[in-house]
Asks: 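After the structure tokens below, expect a handful of questions from me.
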Amino acid sequence: VQVNPVKSQPTTSPLIPEMATQEVQLNETLAHLKTESETLKTKLEEERAKLHDVELHQVAEKVEALGQFVMKTRRTLKGHGNKVLCMDWCKDKRRIVSSSQDGKVIVWDAFTTNKEHAVTMPCTWVMACAYAPSGCAVACGGLDNKCSVYPLSLDKNENLAAKKKSVAMHTNYLSACSFTNSDMQILTSSGDGTCALWDVESGQLLQSFHGHAADVLCLDLAPSETGNTFVSGGCDKKANVWDMRSGQCIQSFETHESDINSVRYYPSGDAFASGSDDATCRLYDLRADREVAIYSKESIIFGVSSVDFSLSGRLLFGGYNDYTINVWDVLKGTRVSILFGHENRVSTLRVSPDGTAFCTGSWDHTLRIWA
Amino acid sequence: SSHPPAPAPGGRSTHDGSSMEKVLVAMQDPDMGMKMRNQRLLITVIPHAMTGHDIITWLIQKYHICEEEALHLGEMLVKYGYIYPLKEPRCLVLRPDESPYRFQTPYFWTSTRWPASELDYAIYLAKKNIRKQGELVEYEKERYSLLHKRINHTWDFVVMQAREQLRASKQRRKADRIVLECQEQAYWLINRPPPGVQNMLDWGLERVCLFVCVCVYHVSLHPQQIETSRRALGRNRVKSSICLEGYWPLTAAFCCTNTINLCVCVRVLLCQYQNHDPIMQGCLPSNPWISDDIAYWTMNSEIVPVPTRLRVERWSFSFMELLSDAMGRREFMTYLEKEFSAENLHFWQECEEIRHGESSKIIEKVEDVYKNFLAPGAARWVNIDSKTMDKTLEGIKRPHRFVMDDAQMHIYFLMKKDSYPRYLKSDLYKNMLAKAVVPQETKKSVFPFMRRQRHSSPSPAQAGAPAAEEDGRAGTNSAAGSHF
């Protein structure tokens, strides 16, 4: 018996009329869902607007204006061979970890500018790094789609990569990572559109967070009393607030006009700031459930890569793609200062744990400490 | 590599020049734009030129910025090729003087013409080579010969195109020819930067596309979005006036005033809290990063014999501030012991251990907590309402990381509302505040150019390692301190 080989059909012309009907039905369902989604969003904006009875800068009129204060580069950390992509502070207020496009992760005592540890990752573009709360380990990842934890050893002869622990596994690049309150859990965000919570010891996935429609670029843990939420920002222009226990998205904000590169909670935990490719920083209040301030200026036309608050929350620092740092008065909405120094994009910015300084990392291969 | 890599197929560049182009449009506005003039280059007159000084002045006036910022913004416009220099056209730099510049034609904007092809570059170099022997500089010669090897099969076409374009340009007026050459040169300086010059077309890693083409995501995302929106519509929202007044972390009591008029005491307290912001107000005795003196850190170590006054004041800002500080927590525990309610704080701490500790130890820890705090007749029984207790006991049957959450929150708020305010009024706290130290400001060094020794500190990675003294005077990485 001769068996004729089955020819593969092009997918655009369905063989069976049934498939055609299904396709039409699917499109109708999609259209219907889309309409419903849009209608609800509009309604939500209306509800939010009803309770918006005053602007932040109006309330801030009573607050004293800030005086001039000088900020300068106090340390320059040289040693990376390519773009610095990420950095994080140690709780001891002087050590930092930084990661670079060339695959190197370096731990520095920023005060003395000495390098204390170095790791070479098996991938380039290490976009995420974080210091463990205990100060005994660092986590990092990037184009390898993973987040790995390296315990820090002071033994000069030990190769840190030997004790490496692979914790998180995504299906696209790792964009950000953060330890929670202890060394035992890590929160990650990825180009695969999801965030995830992992148990470090076992590498087990504890919770995953779905809801972004594109790459998730950043995250920050809430300093709240219950400590169970975090915020993420993505290429879908959305900032989402998540419940870590249930995996649910509990609040969502969509007012930016482009990718959100950075999110950071206000010290009280009642609000968070975001920085975007649309060249603005914005402040969102969680109880009012809306955007309450935009930090922008006509002369600032390049995207914001990274934001962080000063200790009291009165100042917001933004690192920009035009190599500068802009300092904003959070309450009054005005730009207090512009800082020059880096010779290429500022890619990462974090205020130290005791607020005495902030650190920037740049595509010019260096890190700077400002105070 | 000598030229920027092409973007990943399907990837999305995060750069579009539209924001810079808006500035250019404003600069060329017939009414409010720049005043342009003719520029004499040797014997030729180039129209529609402007000086570097004019550019900066215009930016200062238009955007109300200082000269430094205007220079920086102008420099970006030149670096990205939207404005090019007429004199010294190889150098894409903005000089704040009488140097002449022109606007780049949109045909050559990086946003419209990118990416540039090897063929185009070859034709450009060929033109330069033919037009004036020896006009190609060293790196251009190298690239020219590399291209000759790589696209040798089309070389006849390259040379033919080059000759044709040169012939066409000879028919133009000299002024136009010069302008065209400058425009083209500027374009190639950006698309094929000389060695050592920053590649302005490096946009970094491409971001994955929006999941628009993937049907599956659409089907699952919309219902999710709808659910989120529905829930959001149902949530309780707080009026802006109430939320925004809380924008200094003193808050709860003052939020309830329901008035926009901030009373004097709030303003005073606001100032006080901002005194706790070292970047804004400095810190005593000095900021270690500025003075190189680590006294501030030593005085504020986790456990010290006498804490600083600012530190003790912070304990009064919020319950969370008190608990986050190891010393504060210890003091509070002492107070609770006097009140015979220390089991509350112990319980809260044990719950934190469960929430943030190793997964493997959860069951064991939950059992301990039950035995010590929740079981009938437990040694340190905590007072939880019956509803929460029942729910917790039920959950303990299948212990998980968050099983104690409700009970923990109940005890937390009990302490916050009851014990915490009383602690702040207690003698224990007041005495602590009274004997807390206010450091003297470090006198500025008489010889400011002599930097202090920058002492290193034991790495937290190995507690107890001896501190090494480092000489940081030279400001470079000390070999003794580096581990490699």
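Side chains are part of it too, since the values below use all heavy atoms of this structure and drop only hydrogens, waters and symmetry mates. Chain naming here is simple, since letters A, B, ... match the order of the sequence lines and numbering starts at 1 in each. This is a predicted model, so every value here is computed, not measured.
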Asks: Using non-hydrogen atoms only, which part of B/His64 is less than 4.5 Å away from chain A: side chain, backbone, both, or neither?
Replies: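 For B/His64, the backbone is the part near chain A, not the side chain.
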Asks: For chain A, find which of B/Asn300, B/Ile290, B/Ile294, B/Leu73 contributes the most heavy-atom pairs closer than 4.5 angstrom.
Replies: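 If we count pairs closer than 4.5 Å to chain A, B/Ile290 comes out on top.
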Asks: I'd like to verify something: which residue of B/Ser301, B/Ala232, B/Ser229, B/Ser359 has the highest number of heavy-atom pairs under 4.5 Å with chain A?
Replies: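 The option with the most such pairs is B/Ser359.
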Asks: Going by the angle between their ring planes, with limits at 30° and 60°, are A/Phe340 and B/His72 parallel, tilted or perpendicular?
Replies: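 Geometry flag for B/His72 against A/Phe340: tilted rings.
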Asks: Using a cut-off of under 4.5 Å for heavy-atom pairs, which of B/Lys22, B/His356, B/His400, B/Met76 has the most such pairs with chain A?
Replies: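 So the answer, after comparing B/Lys22, B/His356, B/His400, B/Met76, is B/His356.
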Asks: Tell me, for A/Ser175 versus chain B, whether the close heavy atoms (under 4.5 Å) come from the side chain, the backbone, both or neither.
Replies: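 Neither part.
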Asks: Less than 4.5 Å apart, any side-chain heavy atom of A/Glu201 and any of B/Ser360?
Replies: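 The answer is yes, as the side chains (C-beta and beyond) meet within the 4.5 Å cut-off.
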Asks: Name the member of A/Asp183, A/Asn321, A/Leu217 that forms the most heavy-atom pairs with chain B at distances under 4.5 Å.
Replies: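 Highest number of heavy-atom pairs under 4.5 Å: A/Leu217.
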Asks: B/Glu352, B/Lys416, B/Gln408: which one forms the most heavy-atom pairs within less than 4.5 Å of chain A?
Replies: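 Answer, by heavy-atom pair count under 4.5 Å with chain A: B/Lys416.
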Asks: With only heavy atoms counted, which part of A/Phe317 is less than 4.5 Å from chain B, the side chain, the backbone, both or neither?
Replies: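 Just the side chain, heavy atoms under 4.5 Å.
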Asks: Is A/Arg345 paired with B/Asp202 through a side-chain N to carboxylate O contact shorter than 4.0 Å?
Replies: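 Result for this pair is no, no salt bridge flagged.
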Asks: Give, as side chain, backbone, both or neither, the part of B/Trp289 having an atom under 4.5 angstrom from any heavy atom of chain A.
Replies: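 It is both, since atoms from each part get that close.
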Asks: In terms of heavy-atom proximity below 4.5 Å to chain B, should A/Lys50 be classed as side chain, backbone, both, or neither?
Replies: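 The answer is neither part of A/Lys50.
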Asks: Which bit of B/Glu302 is near chain A, if near means a heavy-atom gap under 4.5 Å: side chain, backbone, both or neither?
Replies: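 Neither the backbone nor the side chain of B/Glu302 comes within 4.5 Å of chain A.
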Asks: Check whether B/Ser324 gets within reach of chain A through its side chain, its backbone, both or neither, counting any heavy atom under 4.5 Å.
Replies: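 Neither part.
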Asks: Does a side-chain N-to-carboxylate-O contact under 4.0 Å join A/Arg245 and B/Asp405?
Replies: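 So A/Arg245 pairs with B/Asp405 through a salt bridge.
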Asks: Inspect the contact between A/Asp285 and B/Arg237 and indicate whether a charged nitrogen and a carboxylate oxygen are less than 4.0 angstrom apart.
Replies: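 No.
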Asks: Using non-hydrogen atoms and a 4.5 Å limit, figure out which bit of B/Gln198 sits close to chain A: side chain, backbone, both or neither.
Replies: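 Just the side chain, heavy atoms under 4.5 Å.
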Asks: Let me know if A/Trp370 has heavy atoms under 4.5 Å from chain B in its side chain, its backbone, both or neither.
Replies: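 The answer is neither part of A/Trp370.
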Asks: Could you tell me whether A/Asp109 and B/Arg454 have a side-chain N and a carboxylate O separated by less than 4.0 Å?
Replies: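 Judged by the 4.0 Å cut-off on N to carboxylate O distance, A/Asp109 and B/Arg454 do not form a salt bridge.
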Asks: Between B/Gln225 and A/Lys238, is a side-chain hydrogen bond (donor to acceptor under 3.5 Å, both in side chains) present by the stated rule, with each step listed?
Replies: CA-CA 12 Å; B/Gln225 177 68 66; A/Lys238 283 207 242 168; 2.6 Å; yes
Asks: Output the option from B/Glu227, B/Lys62, B/Arg401 having the highest count of non-hydrogen pairs under 4.5 Å with chain A.
Replies: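 Top count of heavy-atom pairs under 4.5 Å with chain A: B/Arg401.
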Asks: Any salt bridge between B/Glu69 and A/Arg335, counting N to O under 4.0 Å?
Replies: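 Salt bridge between B/Glu69 and A/Arg335, a charged N being under 4.0 Å from a carboxylate O: yes.
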Asks: Non-hydrogen atoms of chain A under 4.5 Å away: do they reach the side chain of B/Lys79, the backbone, both or neither?
Replies: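 When you check distances to chain A, only side chain atoms of B/Lys79 fall under 4.5 Å.
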Asks: At a heavy-atom separation under 4.5 Å, does A/Thr356 approach chain B through its side chain, its backbone, both, or neither?
Replies: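 A/Thr356 touches chain B through backbone and side-chain heavy atoms alike.
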Asks: Looking at A/Val200, A/Asn344, A/Leu315, A/Val351, which makes the most heavy-atom pairs under 4.5 Å with chain B?
Replies: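 Greatest number of close heavy-atom pairs with chain B: A/Asn344.
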Asks: Examine whether an atom of B/Leu233 lies under 4.5 Å from a heavy atom of chain A, and if so say whether it belongs to the side chain, the backbone or both; otherwise answer neither.
Replies: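 Both parts, backbone and side chain.
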Asks: Students often mix this up, so state it plainly: with edges at 30° and 60°, are the rings of A/Phe302 and B/Tyr80 parallel, tilted or perpendicular?
Replies: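 The rings of A/Phe302 and B/Tyr80 sit tilted, inter-plane angle from 30° to 60°.
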Asks: Non-hydrogen atoms of chain B under 4.5 Å away: do they reach the side chain of A/Asp354, the backbone, both or neither?
Replies: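 When you check distances to chain B, atoms from both the backbone and side chain of A/Asp354 fall under 4.5 Å.
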